[in-house]
Amino acid sequence: MKKVLILGGGFAGVQTAIELQKKGIFDVTLVSDRDYLYLYPISIWVPVHLKEFDDIKVPLANIQKKYPFKLIIDKVTGISASESKVTCQSQALTYDYLVMAFGADKMQHKGIYHTLSICAKPEMALEIRNRIDDLVQKGSGKIAIGFGGNPKDKSAVRGG
Ligand SMILES: Cc1cc2nc3c(=O)[nH]c(=O)nc-3n(C[C@H](O)[C@H](O)[C@H](O)COP(=O)(O)OP(=O)(O)OC[C@H]3O[C@@H](n4cnc5c(N)ncnc54)[C@H](O)[C@@H]3O)c2cc1C
């Protein structure tokens with residue numbers, strides 16, 4: 001069987017692992033530095049205490065039980081395409097096919113400092129919650145809510 005390595009355990013990586021495993025013709029391994037799939041869209045309820053951080057996490061091991069791909073929890077530190085090799089913190093892996101699904105880092109645009117974005121990384125939901133809790137404790141304060149565009153694509157918007 002051809003070996004497929006999928007790097008990243010977010011929606012993209014997990015869905016790819018499920019679909020390729022279902023085909024039954026690949027040896028599928030998912031590598032993620034988190035042991036859970038984080039459900040970003042419902043993370044908005046964490047800052048206002050309507051959901052706990054753990055409610056947003058789906059253990060990758062549970063998904064793997066239903067769709068038995070191989071699962072490795074490790075941080076990818078390097079990729080050598082010429083050797084078909086991926087280096088992780090505690091091991092090296094080889095592949096026939098490689099899928100990179102690392103997600104995106106949030107860009108810090110000029111002028112946008114001191115902001116927290118719920119889609120930047122899971123822990124941000126908790127940081128935003130702490131800030132809101134501080135405001136409630138204080139009794140007053142200001143919350144700035146941003147809505148951004150993309151000068152290179154006028155149809156693109158992002159609220160926050
Ligand atoms: C409030 C909110 C609402 C949203 N609503 C929608 C919606 O309605 N529809 C929609 O399509 N999208 C929505 N999104 C966006 C959506 O959540 C993201 O587009 C999606 O999570 C991106 O998935 P991904 O797998 O590409 O990346 P991520 O979810 O970022 O996953 C990346 C994975 O790679 C892993 N990783 C990163 N670096 C390494 C490394 N070096 N080694 C090993 N693993 C690594 C991470 O641990 C993570 O598991 C929403 C987001 C938010 C915050």
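Whatever order the structure lists them in is the order used to number ligands and atoms, beginning at 1.
Any N or O atom pair closer than 3.5 Å counts here, and D33 shares at least one such pair with ligand 1. Considering both main-chain and side-chain atoms, A104 never comes within under 3.5 Å of ligand 1 through any nitrogen or oxygen pair. Backbone and side-chain nitrogen or oxygen atoms of A12 are examined, and one is located within less than 3.5 angstrom of a nitrogen or oxygen of ligand 1.
Partner of L93 under the side-chain contact (heavy atoms from CB on, under 4.5 Å) criterion, out of L7, T87, I72: I72 alone.
Contacts with ligand 1 closer than 4.0 Å are made by heavy atoms of both the backbone and the side chain of V76. Residue A101 touches ligand 1 through its backbone alone, judged by heavy-atom distances below 4.0 Å. In D74, the part holding a heavy atom less than 4.0 Å from any atom of ligand 1 is the backbone.
Residue Q137 qualifies as open at atom CD: its count of foreign heavy atoms under 6.0 Å is 12 or below. Atom CZ of F102 has more than 12 heavy atoms from other residues, nucleotides or ligands within 6.0 Å.
For residues 122-135, every residue pair satisfying the side-chain hydrogen bond (donor to acceptor under 3.5 Å, both in side chains) rule, not counting sequence neighbours, is listed here: H49-D133, E52-R129.
In this structure, the side-chain hydrogen bond (donor to acceptor under 3.5 Å, both in side chains) partners of E83, at least two apart in sequence or on a different chain, are S80.
Proximity of I44 to ligand 1 is established by a heavy-atom distance of less than 4.0 Å.
Distances below 4.0 Å separate heavy atoms of C119 from the following atoms of ligand 1: 53 (C). Under a 4.0 Å criterion applied to the non-hydrogen atoms of K75, ligand 1 contributes the atoms 41 (N), 42 (N).
Donor-acceptor pairing under 3.5 Å is lacking for the side chains of T29 and K3.
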- [ ] Could you walk me through whether K57 and D35 pass the salt bridge (charged side-chain N to carboxylate O under 4.0 Å, His left out) test, one step at a time?
- [x] CA-CA 9 Å; K57 294 158 55 173; D35 64 358; 5.8 Å; no
